[in-house]
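Naming convention: chains lettered A, B, ... in sequence-line order (proteins, then strands); numbering from 1 in each chain.
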Amino acid sequence: MKGGPAVPNKELDVGLCVSSGQVFRWRQTASGFIGVDGPNVMEARKGRGGWVLESRPDPDAATRLFQLDRSLEPITQEIIRRGPELKPFIEAYPGLRVLRPKRADETLFSFLCTTNNNLARITRMVETLAGYGKRIEDGRFEFPIAERLAEVGEAELRGKGFGYRGRTISRAAAQVATRGSSWLDSLKGLPYDEARSALCELDGVGLKVADCVCLVGFGFETAVPVDTHLWRAACDLYFPEWEGKSLTEKRYLAVGDLFRDRFGEVAGWAHQYLFYHRVLAYRGGKAPVYYEQ
DNA sequence: AGCGAACCGGAC
DNA sequence: TCCGGTTCGC
C-alpha cells in the first residue's frame with residue numbers, strides 16, 4: 001500500500017469527491033475516508049500538506065479514480081472563463097473533481113439504485129449489491145459482474161428493500177449479460193450521443209442515468225446528467241421561463257446542449273459543481289444562494 | 001408534445 | 001409528504 005506525496009487541498013478534497021453523488025461506497029473514518037473501487041481498497045487521510053492516498057493491491061488505483069494526473073486548476077479556470085456565473089460555486093468547493101471509477105458496470109447498477117430515491121437508502125442498496133461480489137477483505141467486496149446480478153433475481157432484491165428497482169436492476173443485468181462481457185466498455189469507443197442512446201435501451205435506464213454512466217463511468221466529459229437539482233439550478237440560471245415546469249425530454253436535451261455550448265469540454269465538470277451546490281443547499285434545508293456575476 | 005401518475009420503501 | 005428517475009397512459 002503506497003501513500004504518495006500529499007495532494008494539495010486546492011487540487012483535491014476527498015470528502016467532497018466521494019460524497020457528491022458519483023460513487024456510493026466510501027465511508028468516513030476517524031482520520032479520513034475509506035472506499036472500494038474495482039478490486040482496490042483505498043484510504044485517504046488529510047495531512048498537513050494535503051490529502052495522502054493509499055490503495056491496495058494496486059498502489060496507483062487512487063490516482064486513477066481521482067484523476068490526479070490532471071491538474072484541477074486549468075479546468076476550473078476554463079469553467080469560470082466560459083461561465084463567470086459559476087465562479088461562486090467553483091470557489092465554494094475547491095478540490096471537487098469528476099471521478100473516474102474503474103468499472104462502468106458498477107456505475108450503471110449504482111445509478112439504477114438512485115431513481116426516485118434518497119442518498120441514505122441508495123448507499124445501503126449499493127452496498128447490498130456489492131455484497132454479491134467477490135470478497136476482497138473483511139466486509140469489503142468487489143462489485144459483482146452483470147452475470148452474477150442477473151442470477152440474483154427480482155424477488156430477492158425486492159425482499160431486500162429495493163422496491164421496483166429490484167426489477168429494473170435484475171432485467172438490466174440480464175440484458176448487459178446477454179450483450180457480452182465487453183459490450184458495456186465498448187460503448188466508450190462510440191461518440192457520446194451514440195453511447196448514451198445504447199445505454200437507454202437497457203431496462204430502467206433513461207437519459208439521466210445514461211448520462212451519469214457516460215460522465216462518471218465512461219469519462220465523456222461533455223455529458224451533463226440533469227436530475228431534479230440540476231434542473232432547478234439550470235432554470236434559475238439559464239431558463240427562467242421554465243421555472244416550475246416539468247423536466248421533459250426536450251428540456252432535458254436543451255439543458256445539456258446549453259452546458260455543452262457554454263462550457264465545451266468541461267461541461268460535465270461545470271455541472272458537477274452546480275449540482276453539488278444545489279444538493280447541499282437541499283440537504284441543509286435552506287434556499288440555495290445565487291450571486292450576481 | 002407534454003403533463004401527470006404509478007412505482008417501493010424510507011427519510012423528513 | 002416527498003423524493004438525486006423511468007415509464008406508461010392520457
Side-chain angles (χ1 to χ4, degrees), chain A residues 16-26 89 93 96 98-99 101 106-129 152-176 196-217 223-236 239 241-256 259 268 270-288:
Chain A
L16 283 183
C17 290
V18 303
S19 63
S20 58
Q22 306 180 252
V23 292
F24 303 94
R25 295 223 281 148
W26 283 74
F89 310 117
Y93 308 105
L96 176 59
V98 171
L99 302 184
E106 169 160 358
T107 301
L108 168 63
F109 294 111
S110 296
F111 279 100
L112 279 173
C113 295
T114 67
T115 67
N116 199 5
N117 209 350
N118 59 75
L119 186 60
R121 191 171 167 219
I122 293 164
T123 301
R124 281 198 308 274
M125 288 164 61
V126 172
E127 198 57 47
T128 297
L129 291 183
V152 175
E154 171 182 352
E156 181 168 331
L157 291 177
R158 280 184 180 267
K160 295 191 174 187
F162 279 65
Y164 66 90
R165 301 167 204 83
R167 178 168 54 87
T168 51
I169 289 169
S170 185
R171 287 190 186 177
Q175 291 159 350
V176 171
R196 183 173 65 175
S197 297
L199 287 167
C200 286
E201 297 297 312
L202 298 171
D203 211 77
V205 179
L207 285 169
K208 193 274 178 178
V209 168
D211 267 329
C212 289
V213 176
C214 281
L215 177 62
V216 177
V224 177
V226 184
D227 76 315
T228 180
H229 295 298
L230 194 87
W231 166 239
R232 287 174 192 157
C235 287
D236 283 353
F239 300 100
E241 69 278 19
W242 287 344
E243 200 82 50
K245 298 215 172 211
S246 63
L247 178 56
T248 62
E249 177 173 335
K250 190 186 219 175
R251 290 179 195 139
Y252 183 104
L253 295 171
V255 171
F259 271 78
H271 132 277
Q272 193 63 33
Y273 284 89
L274 189 55
F275 164 75
Y276 196 49
H277 171 77
R278 195 75 191 208
V279 168
L280 290 186
Y282 168 77
R283 285 184 198 160
K286 44 184 197 258

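Within 4.0 Å (heavy atoms only), A:G21 reaches at least one base atom of the nucleic acid. Counting non-hydrogen atoms under 4.0 angstrom, A:F275 reaches a base of the nucleic acid.
Looking at which nucleotide of DNA chain C each of A:L119 and A:C200 is closest to, the 5′-most match is held by A:L119.
Side-chain N/O atoms of A:R121 and base N/O atoms of B:dG10 include no donor-acceptor pair closer than 3.5 Å. Counting distance only, with no hydrogens placed and no angle test, the side-chain atoms of A:D227 and the base atoms of C:dG4 include no donor-acceptor pair under 3.5 Å. For C:dG5, the base has a donor-acceptor partner in the side chain of A:Y164 [N/O atoms by modelled type, under 3.5 angstrom]. The base of B:dC8 has none of its N or O atoms less than 3.5 Å from a complementary donor or acceptor on the side chain of A:R167.
The nucleotide C:dG4 finds no pairing partner, because no Watson-Crick or G-U wobble arrangement with both distances shorter than 3.5 Å includes it.
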Show the numbers, then the answer: is there a side chain to side chain contact (heavy atoms under 4.5 Å, CB included) between A:E243 and A:D236? CA-CA 7 Å; A:E243 200 82 50; A:D236 283 353; 2.9 Å; yes
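The P atoms of C:dT6 and B:dG10 are separated by 22 Å, rounded to the nearest whole Å. Between B:dG4 and C:dC2, the distance separating the two C1' atoms is 16 Å to the nearest Å. For the C1' atoms, the distance linking B:dA5 with C:dT1 amounts to 15 Å, nearest Å. Taking atom P on both nucleotides, B:dG2 is separated from C:dG4 by 25 Å, rounded to a whole Å.
Among B:dC3, C:dG5, C:dG4, the nucleotide with an atom closest to any side-chain atom of A:V279 is C:dG4. Comparing C:dG5, B:dG2, B:dC3 against the side chain of A:K250 picks out B:dG2 as the nearest. Side-chain proximity of A:T248 to the nucleotides B:dG2, C:dT6, B:dA11 is greatest for B:dG2. Nearest to the side-chain atoms of A:N116 among the listed nucleotides B:dC3, C:dG4, C:dG5 stands C:dG5.
Contact annotation: A:R165 side-chain N/O to C:dC3 OP1/OP2 distance is not under 4.0 Å. Close to C:dT6, at under 4.0 Å from its OP1 or OP2, lies no side-chain N or O of A:T115.
The shortest side-chain heavy-atom distance between A:K208 and A:F111 falls under the 4.5 Å cut-off. Using a 4.5 Å heavy-atom threshold, the side chains of A:L157 and A:R165 count as separate. You'll find the side chain of A:C113 reaches within 4.5 Å of the side chain of A:F162, heavy atoms only. Annotation: side chain of A:E241 is in contact with side chain of A:F239 (closest heavy-atom distance under 4.5 Å).
The separation between A:L207 atom CG and C:dG4 atom P is 19 Å, rounded to whole Å. In this entry the distance linking CG of A:N117 with P of C:dT1 reads 20 Å, nearest Å. Between A:L247 atom CG and C:dG5 atom P the separation is 8 Å, expressed in whole Å. Between the CG atom of A:L253 and the C1' atom of B:dG2 there is a distance of 14 Å, given to the nearest Å. Atom CZ in A:R158 sits roughly 13 Å away from atom P in B:dG10 (whole-Å rounding). Going from atom NZ of A:K208 over to atom P of C:dT6 covers 7 Å, rounded to whole Å. Distance CZ (A:R196) to P (C:dG5): 15 Å, rounded to an integer number of Å. Nucleotide B:dG2 holds its P atom 13 Å from the CD atom of A:E241, rounded to whole Å.
You'll find the ring centres of A:H277 and A:F89 inside the 6.0 Å limit.
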